[in-house]
Amino acid sequence: MIRGIYLSYNDDLSDVHSIRKAVFTDELGIPSDVEADDNDMMAMHAVLEAEGGMVATARMKFDGDTFELDKVAVLPHHRRQGYADFVVRMLLDKVFLADGKIIYANVTKEAVPFFETIGFVSTGAEFAEHGLTLIPMKVEKGSVKTKCGGHH
């Protein structure tokens with residue numbers, strides 16, 4: 001069974017932090033004090049339960065003006081199964097149903113093709129942060145692509 005769950009600051013975020021530690025700190029080498037930040041308290045989180053445990057997560061931040069998707073992570077042995085797509089679309093749907101217009105994301109260079117399949121487009125030049133090459137991207141309401149290539 002696959003199940004998506006929304007979490008907020010007052011929920012237990014231990015599964016979120018465990019997945020992010022495995023991906024960002026252990027795999028990508030981002031220091032734990034950099035990966036962990038105060039934005040979790042003001043963000044909406046999506047986690048995906050599959051194969052008996054939590055395997056993927058993503059976070060949506062809102063500063064009162066701008067929505068930003070970040071911290072998209074899938075445990076290594078659960079990749080290429082559509083789980084990142086699932087948690088990203090959960091958060092996009094929440095924002096767009098609440099009449100949000102644009103969602104921004106700084107995406108690793110390697111993940112750009114994945115985000116393009118959802119409908120994100122590049123908005124600027126690549127830059128380096130914490131040893132990663134990132135590309136600024138955005139997706140607008142009405143331009144999210146369906147799995148069959150259309151829009152919804």
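Nothing fancy with the numbering, it's 1 onward along the sequence. The basis for the numbers below is simple: all heavy atoms, side chains too, and nothing from hydrogens, waters or symmetry mates.
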Task: Audit row: Ile5, Met54, side chain to side chain contact (heavy atoms under 4.5 Å, CB included) steps and yes/no - done: CA-CA 10 Å; Ile5 304 164; Met54 300 300 181; 3.5 Å; yes
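- Annotation: the span from Thr123 atom OG1 to Ile135 atom CD1 amounts to 9.5 Å, rounded to 0.5 Å.
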Task: Test log, rule side chain to side chain contact (heavy atoms under 4.5 Å, CB included), inputs Thr133 and Thr108 - done: CA-CA 6 Å; Thr133 301; Thr108 62; over 6 Å; no
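- Not counting sequence neighbours, the partners of Asp12 by the side chain to side chain donor-acceptor pair (under 3.5 Å) test are Ser14.
- In this structure, the side chains of Val74 and Arg80 stay at 4.5 Å or more apart for every pair of heavy atoms.
- The hydrophobic clustering, which links ILVMFWY residues whose side-chain heavy atoms are closer than 4.5 Å, places Ile2 and Leu92 together.
- Within the structure, no pair that satisfies the ring-ring contact (aromatic ring centres under 6.0 Å, His included) test touches residues 28-51, not counting sequence neighbours.
- Taking the salt bridge (charged side-chain N to carboxylate O under 4.0 Å, His left out) definition, one finds that Lys138 meets it with Glu140, sequence neighbours left out.
- Listed by first then second residue, pairs satisfying salt bridge (charged side-chain N to carboxylate O under 4.0 Å, His left out) with a partner in residues 108-132 read Lys109-Glu126, not counting sequence neighbours.
- Closest approach of Ser8 to Leu13, counting heavy atoms only: O-CD2, 3.8 Å.
- Scored by the side chain to side chain donor-acceptor pair (under 3.5 Å) test, Asp63 finds no partners at all (sequence neighbours excluded).
- Counting only heavy atoms from C-beta outward, the side chains of Lys145 and Thr117 never approach each other to under 4.5 Å.
- Remark: side-chain polar atoms of Asp93 are not paired, donor with acceptor, to backbone N or O of Met90 under 3.5 angstrom.
- Atoms OG and CE, on Ser122 and Met137 in that order, are 6.0 Å from each other to the nearest 0.5 Å.
- For residues 15-27, the set of pairs meeting the side chain to side chain donor-acceptor pair (under 3.5 Å) definition, not counting sequence neighbours, comprises His17-Asp40, Arg20-Glu35, Arg20-Asp40, Lys21-Asp26, Glu27-Arg79.
- Under a 4.5 Å side-chain heavy-atom criterion applied to ILVMFWY residues, the cluster that includes Met41 comprises Tyr9 as well.
- Between Val72 and Ala84, the shortest heavy-atom contact is CG1-CB, 4.2 Å.
- Inter-residue side-chain proximity for Gln81 and Glu51 is flagged as met; some heavy-atom pair is nearer than 4.5 Å.
- In this structure, the separation between CG on Leu28 and CD1 on Ile30 is 5.5 Å, given to the nearest 0.5 Å.
- With hydrogens and angles disregarded, a donor-acceptor distance shorter than 3.5 Å links the side chain of Thr57 to the backbone of Ala46.
- Each of Tyr6 and Met42 belongs to its own hydrophobic cluster when Ile, Leu, Val, Met, Phe, Trp and Tyr are linked at side-chain heavy-atom distances under 4.5 angstrom.
- Legend: residues meeting side chain to side chain donor-acceptor pair (under 3.5 Å) with Arg3, ordered by chain and number and at least two apart, are Glu49.
- Under the ring pair (Phe, Tyr, Trp, His ring centres under 6.0 Å) criterion, Phe62 pairs with Phe67, not counting sequence neighbours.
- Looking at Val55 and Ile19, their side chains never come closer than 4.5 Å, going by heavy atoms from C-beta outward.
- Atom CG in Leu69 sits 11.0 Å away from atom CE in Met44 (nearest 0.5 Å).
- The stretch residues 94-116 participates, sequence neighbours left out, in these ring-ring contact (aromatic ring centres under 6.0 Å, His included) pairs: Phe115-Phe120.
- Across every non-hydrogen atom of Ala125 and Pro136, the tightest pair is O-CD, 3.3 Å.
- When the salt bridge (charged side-chain N to carboxylate O under 4.0 Å, His left out) test is applied to Asp70, the partners found at least two apart in sequence or on another chain are Arg59, Lys61.
- In this structure Lys94 satisfies the side chain to side chain donor-acceptor pair (under 3.5 Å) test with no other residue, sequence neighbours excluded.
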